[in-house]
Amino acid sequence: MNEPRYCEARQIGRRLVVDGLLELTSPAHLGGSDPASLTDEPILRDHQGSPYVPGTTLAGVLRSDLHGLLGGGAEESEAVGQLFGCRWGKEDEEQSALIVDDAPMSESQRGLTELREGVKIDTRTGTAAKGMKFDREFLPVGTRFRLHFELNLAGDASDSIRQRHFLTVLQRLEQGHISIGARTRRGHGRCRVTEWQYRCYDFSQPGDLLQWLGNDGGVPGNRPIRPLQNARTMQQMAGDLDIPLRPAEHQGTMTVALTLQCAASLLIRSGGYEAGDADAVHLHRVDQDDTGAQIPVLSGTSLGGALRHRALKIANTLAGSPANVRARELVEGLFGLEMEENKKPSASKISIDEAVIEGCPMVLRHARVHIDRWRGSALEHMLLEEDALFGGKMKVYWEVNNPSPEEIGLVLCLVKDLFTGDLTVGGESSIGRGILCGLEGKVHVQDGLAKRVIRLKGDGTGSLAVVGGSPSTDVYFSALCQSLQGGPA
C-alpha cells in the first residue's frame, strides 16, 4: 500500500530570512513588454508602473554564479540543485529550498529612467548596419531595490552546506561580482548590496513559529514582533550565524586598467536630453539622486565594439587572409557570438565597465552639412548640429575570464593600440574624433598561481613605455602567431 502524498512532503525545521538593499552602480536594462511604449526595448514594470527586479532574474543569476564558482561538474550541479532545485527532465526533482521574491524599487526613489540609442556595426565595413538602429530604456545609477530571500532548512546535515552556498553567493552579490539585466559583459547591470537584515526561525519552538506566521502583523498582542537583526556585511552575518563562507579561489583571469586622456574631441551619439540640445549630443548617464545629474561616459558597448573590430583586423592580418576561419573563431571565442544561423551563441569572455569622463570636459557645438557629391553643393534640409566633448580623462577597466595564451596576446595588442591612440572610439573617427592617449595603466595576468603585472606609462601624446621591470610577454605573442598561422612564430 502506497504512503499518502503528505508523507513525501519535504521537512522544514528552520527558515533563514534575509533582506537587503540592492543599489545599481551602472545603468541596467531589465527587459519588459509594453505595446504602448515609445521605445524599442522598454524596462519591466509592475501593475503600478514601478520598475522591479523579477525573482526569476535574481534566482537565475545567483544559480549561474554558484554553478560557475563550484566548477560546473556533475557533483557541483547536484550541490546547486540542493539549493536552487533540480532542472527539468531529471528524475526525483526537488523543489528549490530557496525562495526568491520579486524586488520592488525602494519607496524613496523617483523612478527616473534614461534612453540610449544603439546600432549594430558591420564588422566588414566598420559602419552602421542598415536597419539595425534601436533605442533601449535603462534604469539609472543609484536605483535601489528591496531584496527578500527565505531559505528552508530541514534540520539535518545538509543545512550547513546549503547555508554556506547561499551566503557565499549573497556575498558575491554584495561585492559587485554579480550583475543583473542585459548586456552585463558591457558594463550594464553592475550592482552592490549596501545593507543586510536577517533572522533564523526554529520551527521546533512555538514562539519562532508564531513569529514567522505573523511576520506581516498577525502575531498575537502578547507576542510582539521581533525585528530582524542588522548586519553591515555578509561576512558579519556569516560570523553571527557561525557559517563559514567559501574561500575565494584563484581562477585564470586577466584585468586591464588604463587611464586615458581625450586628445581631441569625442562623440558617442545620443539623442538630445533637452529642448535646446543639438541634433546629436555625446552620451550622458543619469544618476538617481535629488539632482538627476547628467554625467558624460564612455559606454562599455562602444568600447567593446571598437575593440572587437580591431581584434578581428589584427587576427586577419597575422593570419594573412581576411577569410581565415581561425582568426574569426579566435575573436568570436573572446568577444562572444550572437545568434546566427547554424552557430551556437556564446557569451563574451571580456567584461568591460562603463567609464565616467572626468576633468570637466568642454562641450562645443559644431554645425555640419551634407554635401552633394555630384554637384559639390549642400543638400537641402541636411544641416545638422553636434555637441562634442573636448578634453577630459577616463579610467577604462575590463576583465577577461580564463583566457588562453593566444587570447592574452591578442588583448595585449588591443591595449597597445588603445593606449597609443591608434584605436579610436565613438563616431566620426575619420575627421579626428575619438583619439584616446594613455597616461598610465596596469595589466594583470593570473594563470593559476603564476602572476604577471605589466605597468605602462605615457604622456598623453601617444607614447608608450613599459616600466618597473615588467615580465616578458613574448610567450603570449608567440602563441597568438602560432594559433593563427598554424606554425611557429
Side-chain angles (χ1 to χ4, degrees), residues 3 5-22 30-31 44 46 52-104 145-174 177-181 184 189 191 193 196-204 208-209 211-213 215-216 228 234 237-238 241 243-246:
E3 292 184 344
R5 290 296 303 275
Y6 65 82
C7 294
E8 301 176 7
R10 57 178 176 172
Q11 301 297 317
I12 301 178
R14 296 188 301 131
R15 185 173 295 225
L16 175 61
V17 176
V18 178
D19 291 346
L21 189 63
L22 181 76
L30 300 164
L44 186 64
D46 61 18
Y52 73 101
V53 183
T56 51
T57 297
L58 291 171
V61 296
L62 293 178
R63 177 173 189 144
S64 177
D65 185 78
L66 180 60
H67 193 269
L69 188 65
L70 296 180
E75 294 183 3
E76 289 77 9
S77 297
E78 188 67 25
V80 173
Q82 290 180 2
L83 181 60
F84 290 96
C86 295
R87 295 174 295 175
W88 287 86
K90 296 192 67 176
E91 295 183 358
D92 301 326
E93 299 107 290
E94 292 185 4
Q95 186 181 5
S96 172
L98 178 62
I99 300 173
V100 185
D101 285 2
D102 292 342
F145 299 93
R146 292 181 284 109
L147 305 176
H148 182 78
F149 305 94
E150 294 191 21
L151 178 62
N152 295 319
L153 302 170
D156 55 22
S158 65
D159 285 357
S160 59
I161 299 177
R162 290 180 179 178
Q163 291 181 93
R164 183 186 184 192
H165 290 163
F166 173 51
L167 297 187
T168 296
V169 292
L170 289 189
Q171 184 184 49
R172 289 180 56 80
L173 183 65
E174 169 193 274
H177 297 304
I178 301 176
S179 302
I180 59 174
T184 56
C191 56
V193 180
W196 294 108
Q197 291 182 310
Y198 70 96
R199 180 161 182 77
C200 189
Y201 298 93
D202 185 355
F203 289 167
S204 64
D208 280 16
L209 181 59
Q211 286 289 324
W212 180 78
L213 290 174
N215 240 348
D216 296 325
L228 297 172
M234 186 52 59
M237 185 191 303
L241 296 173
I243 302 172
L245 295 177
R246 181 180 177 87

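None of these values were measured; they are calculated from a predicted model.
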Open item on the list: Does any part of the side chain of R63, heavy atoms only, come nearer than 4.5 Å to the side chain of L83, both counted from C-beta?
Closed with: no
Task: CG on L69 to OG on S64, rounded to 0.5 Å - done: 11.0 Å
TODO: Mind checking the OH-CG spacing from Y198 to L151? Nearest 0.5 Å is all I need.
DONE: 15.0 Å
Task: Side chain E174, main chain M234, donor-acceptor under 3.5 Å - done: yes
Open item on the list: What's the separation between atom CZ in R146 and atom CG in L21, rounded to the nearest 0.5 Å?
Closed with: 9.0 Å
- [ ] With the side chain counted from C-beta on, respond yes when L62 and F84 share a heavy-atom pair under 4.5 Å apart, and no when they do not.
- [x] yes
Task: Spacing of CD belonging to Q163 relative to CD1 belonging to I161, to within rounding of 0.5 Å - done: 11.0 Å
- [ ] Report the residues that fulfil side-chain hydrogen bond (donor to acceptor under 3.5 Å, both in side chains) with Q197, sequence neighbours left out, ordered by chain and then residue number.
- [x] N230
Open item on the list: Using modelled atom types and a 3.5 Å cut-off, is there a donor and acceptor pairing between side-chain atoms of T168 and backbone atoms of R164?
Closed with: yes
Open item on the list: Please check: side-chain N/O of D159 versus main-chain N/O of A154, any donor-acceptor pairing under 3.5 Å?
Closed with: yes
Open item on the list: Between R15 and R199 (side chain of the first, backbone of the second, donor and acceptor by atom type, cut-off under 3.5 Å), is there such a pair?
Closed with: no
TODO: First locate atom CE of M237, then atom SG of C200, and finally report the distance between them rounded to the nearest 0.5 Å.
DONE: 11.5 Å
- [ ] Sequence neighbours left out, what passes ring-ring contact (aromatic ring centres under 6.0 Å, His included) with Y52? Give chain and number order.
- [x] none
Task: Cation-pi check, R162 onto F166 ring (under 6.0 Å, within 45° of axis) - done: no
- [ ] Measure the shortest side-chain to side-chain distance between D101 and F149 over non-hydrogen atoms and say whether it is less than 4.5 angstrom.
- [x] no
TODO: Would you confirm whether D102, through its side chain, and G55, through its main-chain N or O, come within 3.5 Å as a donor-acceptor pair?
DONE: yes
Open item on the list: Between L58 and L147, is the side-chain contact (heavy atoms from CB on, under 4.5 Å) condition met? List the steps.
Closed with: CA-CA 9 Å; L58 291 171; L147 305 176; 3.8 Å; yes
Open item on the list: Is there a side-chain contact (heavy atoms from CB on, under 4.5 Å) between V17 and Y201? Walk through the geometry before answering.
Closed with: CA-CA 8 Å; V17 176; Y201 298 93; 3.6 Å; yes
- [ ] List the steps and the verdict of side-chain contact (heavy atoms from CB on, under 4.5 Å) for L170 and V193.
- [x] CA-CA 9 Å; L170 289 189; V193 180; over 6 Å; no
Task: Non-hydrogen atoms of P54 and L44 that approach each other most closely - done: CG-CD2, 3.2 Å
TODO: Kindly indicate whether the side chain of E150, heavy atoms from C-beta on, has any atom under 4.5 Å from the side chain of L16.
DONE: no
Open item on the list: Donor-acceptor check, side chain of S179 to backbone of C191, threshold 3.5 angstrom: yes or no?
Closed with: no
Open item on the list: Any non-hydrogen side-chain atom of L22 less than 4.5 Å from a side-chain atom of I180?
Closed with: yes
